[in-house]
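Single-structure report; data block below.
Reminder, nothing fancy here: chain letters follow the sequence lines and each chain counts from 1. The structure presented is a predicted model; accordingly, all values stated were derived computationally and were not measured.
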Protein chains: 2
Amino acid sequence: MGLTIPKFQDLLKPMKGERDKLAAVREEFVSQWGVMGTQWGINRTMAQIHALLMTAPEAMSTDEVMEALEISRGNAHTNLKELVSWGLVRIVTRRGERKEYFEAEKDVWEIFRRITEQRKRRELDPALQVVERCAEETRGMQTKEGKDFHRQMGELQEFVAFASKMGDRVASLPHGKAMQLAMKLFG
Amino acid sequence: MGLTIPKFQDLLKPMKGERDKLAAVREEFVSQWGVMGTQWGINRTMAQIHALLMTAPEAMSTDEVMEALEISRGNAHTNLKELVSWGLVRIVTRRGERKEYFEAEKDVWEIFRRITEQRKRRELDPALQVVERCAEETRGMQTKEGKDFHRQMGELQEFVAFASKMGDRVASLPHGKAMQLAMKLFG
DNA sequence: TTGTGCTTTCAGTTATTTGTGAAACTTGGC
DNA sequence: GCCAAGTTTCACAAATAACTGAAAGCACAA
C-alpha cells in the first residue's frame with residue numbers, strides 16, 4: 001500500500017474552493033450585519049463597512065471599501081469617519097504613501113466597550129438631562145398629580161444615573177477581569 | 001398676632017398655576033422623550049405615547065392619546081399595540097364599556113427588564129444566528145485567511161451568546177436583588 | 001339581522017434618512 | 001508657485017420609514 005506523496009498542485013486544490021467559499025460567507029456576513037444595523041438603529045452602510053473591516057485581513061483604503069460594497073466615495077467617506085468617531089476603526093498610514101487606510105478593532109471585548117461608551121454618551125446622558133430638568137421643575141408641587149409626576153421623574157432619574165454609572169464601570173474593566181466577574185456572578 | 005385662617009379660595013390659588021406648570025413640563029417631557037426615541041432607534045410617536053402614558057394619572061383611550069398628541073387614529077393604534085407587544089403598556093377595560101384603555105408600566109426596574117428582554121430578542125438573537133452560521137460554514141478551513149475569519153466569528157459568537165445569557169439573568173432578577181448585587185459590585 | 005361603537009387594516013402621501021457625484025479644498029513634492 | 005493625489009463637503013436624488021384618513025371588520029345589544 002503505497003504512501004503517496006501528494007503533489008504541491010493537489011495540496012493547493014482545496015484552497016481554490018476555500019477562497020471562493022470564504023469570499024461568499026464573508027459577503028453574507030457583511031450583508032447580514034448591514035441588515036442588523038438597521039434594526040439596531042445604525043445605518044446599513046456603516047454596519048456593512050464595520051463588518052467588512054472586522055473581517056479584512058489588512059487595512060483597506062477608501063477606494064477598496066467603495067469597490068467592495070459598491071458605494072459612492074461620499075458615502076464611504078462619511079461612514080468611515082463615523083466609525084472612527086465611534087472608536088471602532090482607526091486610520092493607519094503606510095510610510096511613503098499619502099493615502100489613508102482603515103483598520104477595525106477586532107477584539108470583541110474592546111468593540112463592546114467602545115459601543116457601550118458611545119451609547120451611554122449618546123443615549124443615556126441626554127435622557128438624564130431631560131428627566132433631571134423635569135424633576136427639578138416640579139419640585140415641591142402640592143397637588144397629587146404634581147407629586148406623582150415629580151416622583152416618577154425622580155425614580156427615572158435615579159435609575160438612568162445608576163445605569164450610566166454601571167456602563168462606565170463595566171466598560172472600564174479589562175477583558176479578563178470582566179469575564180472573571182461575570183463568571184462569579186452567573187457561573 | 002392673628003393666626004389667620006386662609007380661605008378655601010386662597011388655598012386653591014397656587015394649584016391653578018401648578019396645573020398649568022405641570023401640564024407644560026409634562027408636554028416638554030413627552031416631546032423630548034420622542035426626540036430621544038428617534039436616537040434610540042425607536043419611532044418618535046411610540047416614544048411619545050410611552051412618555052404620555054408613563055406620566056398619565058390614569059389609563060387613556062385611543063381617542064385621548066390621539067387628541068393629546070394630535071396624531072391620526074391609525075398611528076395611535078399601531079404604536080399603542082406595539083407598546084403592548086413590548087410589554088410596556090397593558091390594555092385595561094372598564095366594566096360596562098367596550099372601549100379599551102391603555103396603561104403604562106410605571107416601575108422603572110420593570111420597564112428596564114422589559115426593554116432588555118425585547119432588545120435581546122430583537123437585536124442579539126438574530127445576530128447570534130448570523131455569526132453561528134458564518135462560523136459553521138468556515139469550520140476546518142486551511143488557509144490563513146479562512147482560519148482567521150473562522151476564529152473571528154467564533155469569538156463574536158461566544159461573546160454574543162454570553163451577552164445574551166447575561167441579559168436573561170439580569171432581567172430575571174427582582175428589583176431588590178438587582179440593586180443589592182449592583183451595590184456589592186460597584187459600591 | 002341590523003345598527004352602533006369601537007378596532008384594525010391598508011393604499012396612498014409625507015417626512016426623514018441615506019446615498020451620489022462632482023466640485024472645492026488640502027497637502028506635499030517638484 | 002503649481003501640479004497631482006488625496007480628502008472633504010454639499011446640493012440634489014433615491015430609498016426608507018412613518019403617518020393619514022377612510023373603509024372594512026368585529027362583536028354585542030336590541
Study note, to complete from the structure: Result for 5'-nearest mapping on DNA chain C, choosing between B:F102 and A:M46, is B:F102
Check your understanding: Quick one: which of D:dT20, C:dT20, D:dT8 gets closest to the side chain of A:S72?
Key -> C:dT20
Review point. For C:dT20, does either OP1 or OP2 sit under 4.0 Å from a side-chain N or O belonging to A:N75?
Key: yes
Practice item. Using only side-chain N and O atoms of B:K81, determine if any of them is under 4.0 Å from OP1 or OP2 of C:dT8. Key: yes
Exercise for review: Indicate the atoms forming the closest heavy-atom contact of B:M60 with B:A68, along with that distance.
Suggested key: CE-CB, 4.4 Å
Revision key, fill the gap. Out of C:dT20, D:dA27, D:dA18, minimum distance to the side chain of B:N43 belongs to D:dA18
Practice item. To the nearest Å, give me how far apart CD (B:E100) and C1' (D:dA27) are. Key: 12 Å
Practice item. Round to a whole Å and report the spacing from CG of A:L80 to C1' of D:dG6. Key: 14 Å
**Study point:** From A:K21 atom NZ to A:E18 atom CD, the distance as rounded to the nearest 0.5 Å
**Key:** 9.5 Å
Review point. At under 4.0 Å, does any side-chain N or O of B:H77 touch on OP1 or OP2 of C:dT8?
Key: yes
Study note, to complete from the structure: The residue among A:T78, A:N75, A:N79, A:T38 that forms side-chain hydrogen bond (donor to acceptor under 3.5 Å, both in side chains) with A:N43 is A:N79
Check your understanding: Just how far, in rounded Å, is C1' of C:dT16 from CD1 of B:I42?
Key -> 17 Å
Review point. Quick one: on DNA chain D, does A:E97 or A:T78 contact a more 5' nucleotide (nearest heavy atom)?
Key: A:E97
Exercise for review: Just call it for A:D63: base, sugar-phosphate, or nothing, with non-hydrogen atoms closer than 4.0 Å on any strand.
Suggested key: nothing
Point to revise | Atom-pair distance (CD1 on A:I91; C1' on D:dT8), nearest Å | key: 12 Å
Review point. Checking all strands, does A:R44 fall into the base, sugar-phosphate, or nothing category for heavy-atom contacts under 4.0 angstrom?
Key: sugar-phosphate
Practice item. In whole angstrom, give the distance that lies between atom CZ of B:R73 and atom C1' of C:dC10. Key: 16 Å
Practice item. State which residues pass side-chain hydrogen bond (donor to acceptor under 3.5 Å, both in side chains) with A:H150; sequence neighbours excluded, sorted by chain then number. Key: A:T138
**Study point:** Below 4.0 Å: OP1/OP2 of C:dT18 and any side-chain N or O of A:N79
**Key:** no
Exercise for review: Identify which nucleotide among D:dC19, C:dT20, C:dG5 has an atom closest to any side-chain atom of B:R98, counting heavy atoms from C-beta outward.
Suggested key: C:dG5
Point to revise | Stepwise side chain to side chain donor-acceptor pair (under 3.5 Å) check, B:S61 with B:K99 | key: CA-CA 7 Å; B:S61 67; B:K99 215 191 281 250; 4.7 Å; no
Practice item. Grab the CE-P distance between B:M66 and D:dG21 for me, whole Å please. Key: 9 Å
Exercise for review: Please work out if B:T45 contacts a base, only the sugar-phosphate, or nothing of the nucleic acid, heavy-atom cut-off 4.0 Å.
Suggested key: sugar-phosphate
Check your understanding: A:E82 has an atom CD; how far is it from atom P of C:dT17, in whole Å?
Key -> 14 Å
Check your understanding: Taking atom C1' of C:dT20 as reference, at what distance in whole Å does atom CD of A:E70 sit?
Key -> 14 Å
